[in-house]
There are 2 protein chains.
Amino acid sequence: MSSKTVSKALSILDVFTPDRPAWGLRDIARELEISHTIVHRLLKTFEEEGYIFQNPETHKYELGIKFIQLSNTVEERLRISDLINPIMKNISVETGESVVFTVIDNEEGLFVKIVESEHQVRFAESVGKRGPLYIGASHKVILAHLPDEVQDKIINQGFLDHAPQLVSKKSLLETLEFIRQQGWFYTAGETLNDAAAISVPVFDPKKNVLGSISVAGPSYRFTKEQAEKVLPVINKYIDKIDDIFSKVFFPSRRDYLLKNIT
Amino acid sequence: MSSKTVSKALSILDVFTPDRPAWGLRDIARELEISHTIVHRLLKTFEEEGYIFQNPETHKYELGIKFIQLSNTVEERLRISDLINPIMKNISVETGESVVFTVIDNEEGLFVKIVESEHQVRFAESVGKRGPLYIGASHKVILAHLPDEVQDKIINQGFLDHAPQLVSKKSLLETLEFIRQQGWFYTAGETLNDAAAISVPVFDPKKNVLGSISVAGPSYRFTKEQAEKVLPVINKYIDKIDDIFSKVFFPSRRDYLLKNIT
DNA sequence: CCTTTTGGTTCGATAATAGAACCAATATTC
DNA sequence: GAATATTGGTTCTATTATCGAACCAAAAGG
């Protein structure tokens, strides 16, 4: 049994996003349908512990720098700065484009690390951004390598609502099959309007997908032909990356996801 | 009144550090002197929400990638990637050394952002690291500009215990006075054995210290003479940095600290 | 000037938490 | 390899912290 109070408290953290980083007390209460009294107590608790602060001028609440600290502990554990980052930098230098490390977390993809290319406008702020697994090469490549049951679950849950604007379920499943065959995938303008990317899956020792490595650039320049040229560079390093995760436990809700299906 | 359950829960997060990122259930219970039953329930709650995961092989618990996501929300709010980072990069390119942005949080200094110089072995993993304000140029420069009462409190609390290995309180106070006069400070081998740094304070619109900007390099090369050469470069940009924080609320326990004194 | 909304507080009924006592399964010790 | 200690995990009730309606004063909004 888990703690209801703490669950409620943690649900508060989720309302803070880059798009909406500052919230009024009563706004949070309405959003989560919790009494504002409770939200108030929880916010004050977070504040005491350094996790959330109230802007004295606007009276709104915001996440605190404590998360920068904790995030670092996670990144160190994942060996991002010392092992993954150097490889990503190599790929970036050799291809001249930006490199993105994406990870699966609870039916969504999460950008965990981005190495920007030297000669390029930086991407819209994206580390820490979450999104559904059926949009963008970095995410589709992950979805393609998940077990069928998980794919079904994910597609049936969120995908069908957005289907009209996108493609049919059948066509998506065909794409996923194609990705599995090919081992990589290229998309343009899916995650960001004017960006294109080529992605390759990353596996753990048990051959389960855990994320993907992408090389991305502006659509006008980074065409499919261009993208295919960088493929050998990615492939040169992909085994090393897989190798890192044969030694590092991966702290995401992936196992959770896999377990709840089988 | 704040929530006891949530306070307890949050205190668990603090045990996870880069030095000790994985903990057994009962280890945490002992460390925090909480019944292991409670720790277990709280850990499971964190796990459900994606904040903590149990390594299935070692059975130990670790922080999850959710913190990478939340950390990004904070960094965006602080305008780190889009405003601070470019300035730090400029300083790094023009000096050829690494640049560190340090921030005050609850009587401690916290490394919030590090831009590594191209031609250098990277620093020991340090973003997210906390430390007492009386060690290292980046931290001392902050301490020097805090109100006297706060200085006293901080020095009397932690400093005197370490005093034997360090300097006398009197000599520290003289150093702080000197820093205030000079406006910058250089140290070698304090935070890291073989690293040296020169630091300049960063202020908010009300002229309260909020952090510092440092240029750092390996001790053997980054002598005091070398350091003084980079000073003009830092000073060239320091107003811009102060300016950023005239528009951005700073979510740390600094106000808390200042308020509890006066 | 009146109304609405804001962040914040009080307090008794109630529902969630605490933790001793209990597993089974590994490690550790001898 | 039998005995012991320690691990993560669970159960259950007395207790206690949480919940939330009703309540502020202050600031926006009309």
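Naming: A, B, ... by sequence-line order, numbering from 1 per chain.
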[X] [atom1] to [N] [atom2], straight-line distance once rounded to whole Å:
X: I12(A); N: dG7(C); atom1: CD1; atom2: P; value: 13 Å
X: R41(B); N: dC12(D); atom1: CZ; atom2: C1'; value: 12 Å
X: K60(B); N: dT6(D); atom1: NZ; atom2: P; value: 15 Å
X: I38(B); N: dG8(D); atom1: CD1; atom2: C1'; value: 16 Å
X: L43(A); N: dT9(C); atom1: CG; atom2: P; value: 12 Å
X: L42(B); N: dG9(D); atom1: CG; atom2: P; value: 13 Å
X: K44(A); N: dT9(C); atom1: NZ; atom2: P; value: 8 Å

Nearest to the side chain of [X], heavy atoms from C-beta on, is which of [options]?
X: Y61(A); options: dC19(D), dG8(C), dT18(D); value: dG8(C)
X: H36(A); options: dT9(C), dC19(D), dA18(C); value: dT9(C)
X: T37(A); options: dT17(C), dC19(D), dT9(C); value: dT9(C)
X: K4(B); options: dG19(C), dA17(D), dG7(C); value: dA17(D)

Quiz item: Counting only side-chain N and O atoms of R30(B), is one of them less than 4.0 Å from OP1 or OP2 of dT7(D)?
Solution: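 Looking at the OP1 and OP2 atoms of dT7(D), one of them is under 4.0 Å from a side-chain N or O of R30(B).
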Quiz prompt | T5(B) side chain near dA16(C) phosphate (N/O to OP1/OP2, under 4.0 Å) | solution =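 The answer is no; no side-chain N or O of T5(B) sits under 4.0 Å from OP1 or OP2.
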Salt-bridge present ([X], [Y]; N to O < 4.0 Å):
X: K66(A); Y: E49(A); result: no
X: D242(A); Y: K207(A); result: no
X: K240(B); Y: D243(B); result: no

Quiz prompt | Interatomic spacing from CG in L70(A) to CG in D14(B) - rounded to 0.5 Å | solution =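 One finds 7.0 Å between CG of L70(A) and CG of D14(B).
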Compare every heavy atom of [Y] with every heavy atom of [X], then report the nearest pair and how far apart it is.
X: S199(B); Y: S214(B); answer: OG-OG, 2.7 Å
X: T191(A); Y: G136(A); answer: OG1-CA, 3.5 Å
X: S138(B); Y: F111(B); answer: OG-CE2, 3.7 Å
X: L10(B); Y: Y51(A); answer: O-OH, 3.6 Å
X: P18(A); Y: T73(B); answer: CD-OG1, 3.6 Å
X: I142(A); Y: I104(A); answer: CG2-CB, 4.0 Å

Quiz item: Do any N or O atoms from the side chain of E75(B) and from the backbone of S81(B) form a donor-acceptor pair under 3.5 angstrom?
Solution: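 Checked: no pair found.
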Quiz item: When we call it a touch if two heavy atoms are under 4.0 Å apart, what does K8(A) touch: a base, just sugar-phosphate, or nothing?
Solution: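 The answer is sugar-phosphate, as K8(A) gets under 4.0 Å only of primed atoms, P, OP1 or OP2.
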Exercise. Give one of base, sugar-phosphate or nothing for S35(B), where a contact means two heavy atoms less than 4.0 Å apart.
Key: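 Touches a base.
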Self-check item: H40(A) vs S3(A), nearer the 5' end of DNA chain C by closest nucleotide
Solution: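 Upstream on the strand: H40(A).
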Practice problem: For nucleotides dC23(C) and dG19(C), find the distance between their C1' atoms and express it as a whole number of Å. | Solution: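 Rounded to whole Å, the distance is 16 Å.
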Exercise. Check DNA chain C for consecutive Watson-Crick or G-U pairs with both distances under 3.5 Å and list the runs of at least three as stems.
Key: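 When the pairs of DNA chain C are grouped into runs of at least three, the stems are C:3-7 with D:24-28, C:9-21 with D:10-22, C:23-30 with D:1-8.
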Practice problem: Test L146(B) against every option in D152(B), L176(B), V209(B), N208(B) by the side chain to side chain contact (heavy atoms under 4.5 Å, CB included) rule and name the one that passes. | Solution: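 Of the listed options, the one satisfying the test is V209(B).
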Within the sub-3.5 Å range, which N or O atoms of nucleotides 24-29 of chain C have a protein N or O partner, and how far apart are they?
none

Quiz item: Does anything in residues 20-28 of chain A reach DNA chain C, meaning a heavy atom under 4.0 Å, and if so which residues?
Solution: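 By residue number: G24(A), L25(A), R26(A).
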